[in-house]
Each structure stands twice: as structure tokens, then as C-alpha cells.
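Structure, as C-alpha cells:
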Amino acid sequence: MTPSPSPEAVFGGRLLDEIRRRRPIIHHLANFVTMNDVAAATRAVGAMPIMAMSPAEVEEVAGRADALVISLGTPTDDRLKAIDLAVTVARRRGIPVIIDPVGAGASGLRTERALAVIRAIPRPIIRANPAEAAALVGEAADLRGVESIGAADPAALALKLVREGGVAVITGRRDIITDGRRTLAVDNGHAWLAALPGAGCMATAVVGAFAAVGSGDAVTAAAAGIASFGLAAEQAAGRARGPGTLKPALLDALFAMTGRELAAGMRCVPVTSPAAPPAPRRTTRAPR
């Protein structure tokens, strides 16, 4: 007998249907390496991407968006200025902000800027690999370029990462999503994603679409976004021959997925976790 979908999976399926109905606008401050992939993943899941990053227009675009997705990859002075402006607008409007600290730990600039953006948002969603998360909480990690090779326990890292508020999404063999009070584990995905450049950025983009219609439950919305991406990868791997052919098949699978299919295929379970470490004094200043 096929087990009934979990409450989280049922909710995730409803959110996917809601994305297709509402077509939320997702403002991406994407990095130059994966910008096209991010736009394609956002469109495939049913949301409407806009990749505005000029300081001259970023406030206007953020003012009309339903969610803001920020990548700290390929930082330039203009991109960092645009991020600051967009964050200020998003904070004032209260729209979801999803932060991808690409390469945190690879340079002091990326780590410092990622922390500044995270601290400027009351409840950010932070999608990171284990090494990036370790760098953000001041722990040792093995990073090659921007790829995570090893780090401490992802669940423990996630709790430390959200000690100032927000939701942590630590992706890996098992994805961990937590706000420090409730923790979910997602087991969808495929090993070839680790060899596909841009997979993390695309997953972050999909999380942004789910967060835009998440009805205030950011933990389950983020879990549903990660699960939908992982489930699409599972389906695509059956038609692909490796990472090169996985990407187009993954986009096709994401495009074709229905809410019912996501609810049936989303492998998400609550996990018991230790209490989050005490939170230091919270700041909400704009990043500089």
C-alpha cells in the first residue's frame, strides 16, 4: 500500500499549484555564472523571474516583486550596491528574502557581505551548502572553490546559522530546513546534482518561488521548494546520461510537475533537534 503524503507534502503540493495560479514575480540579484539557469528554473516552476541588478532600477523592481533572491557569487561594487538597495526595499515591504551565500569562506569579502545581508533582514531564508554555513558561523570547513567538500553536522550548523532569526536550508545528501524551533529533513535529490554547476543557485531560485506564496510558513515552503527541485532531479536522472543532459531534463521535469505529484513524491519528515544556541543581540541595519 502506498503511504499517505505527510502534512508537509500535502501543503507543498498546494503551494506548487498556488505558484502556477498566482505567477509571483521573483526579483533575482543572481551571479553572472548561473544567471540563465536561475531564470530558467524560476520560469519552469511557474514563477516570473526578473534579473534586475543595476543600482539605477533595482529599487523600482524590488518594489513590485513578491520575493527577493540574492546570490553573493561574483561580487562587484555595483552588484553589492544593488543588493543593499534591494534589501532596504524588501525589508520595508516585508517580502520574503532568500540569500545564497555562494562561496562564503572562499574570501573574506564574500563571508562578510553575506553576514551583513543576513543581519539586515528580520527573517531571511538562507540556502547554503555545509561549508558555506560553517564559514558563516565561524567554524572550520573544507571548501574547494565554491563547492563544499566537508563540514560538521549540517543540522547543528543550521541551528547556529539561525540563532539570530530566519530559516536555514542546508543542502547536501540530506537537506535540513529549520527556524530553530521546527526542523524538517528532505530526502529528495540525485547524486548528479553535486556535479552540476549552478544546481544550488537553481534550488535557491525555486525556494524563492515557494516562499513567495508560502502563507507565512517559511519552513514548510522552503522544504517544499527543495523537495520539488530534488524530485525533478530524480525524475530527470532516469532520462539523462550525466550532469550535462541532467540539466535540460531537470527543467522539463520541474515544468511538468503537478501539485499532486509533488505531494506524492516529497520525502519530508520532522526531526527532533537540540535547542538553538542563545541569540546575540539582533541588528536590523541595512548592510554597508
Exercise answer: donor-acceptor pairs, residues 248-266 side-chain atoms, under 3.5 Å, sequence neighbours excluded:
unit_1, atom_1, unit_2, atom_2, d
Thr258, OG1, Glu261, N, 3.1
Glu261, OE1, Thr258, N, 3.0

**Report entry** Selection residues 176-204 - residue pairs positive for ring pair (Phe, Tyr, Trp, His ring centres under 6.0 Å), sequence neighbours left out
**Finding:**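 As it turns out, the ring pair (Phe, Tyr, Trp, His ring centres under 6.0 Å) pairs with a partner in residues 176-204, which skip direct neighbours, are His190-Trp192.
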State which residues pass side-chain contact (heavy atoms from CB on, under 4.5 Å) with [X]; sequence neighbours excluded, sorted by chain then number.
X: Ala39; answer: Pro49, Met51
X: Pro7; answer: none
X: Leu115; answer: Thr111, Arg119, Leu136
X: Arg93; answer: Val89, Ile95

Using a 3.5 Å cut-off and no angle test, enumerate the donor-acceptor pairs between side-chain atoms of residues 96-107 and protein atoms at least two apart in sequence or in another chain.
unit_1, atom_1, unit_2, atom_2, d
Asp100, OD1, Arg127, NH2, 3.4
Asp100, OD2, Arg127, NH2, 3.2
Asp100, OD2, Thr204, OG1, 2.9
Ser107, OG, Arg110, N, 3.2

Requested in this report: Sorted by first residue and then second, give each side-chain hydrogen bond (donor to acceptor under 3.5 Å, both in side chains) pair with at least one member in residues 39-55; sequence neighbours left out.
Outcome: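 Residue pairs with at least one partner in residues 39-55: His28-Thr42.
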Query raised in the report: How would you list all residue pairs meeting side-chain hydrogen bond (donor to acceptor under 3.5 Å, both in side chains) that involve residues 234-245, not counting sequence neighbours?
Result: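 The answer is Asn188-Glu234, Glu234-Arg267.
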Query - Contact list for residues 201-211, test salt bridge (charged side-chain N to carboxylate O under 4.0 Å, His left out), sequence neighbours left out - result: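 Listed once each, the pairs would be none.
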Query - Pairs flagged by salt bridge (charged side-chain N to carboxylate O under 4.0 Å, His left out) wherever residues 57-76 is involved - sequence neighbours left out - result: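 Pairs touching residues 57-76 that pass the test: Glu60-Arg64.
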Query - Remaining members of hydrophobic cluster (4.5 Å side-chain criterion), Val33 - result: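 Besides Val33, the hydrophobic cluster comprises nothing; the residue is isolated.
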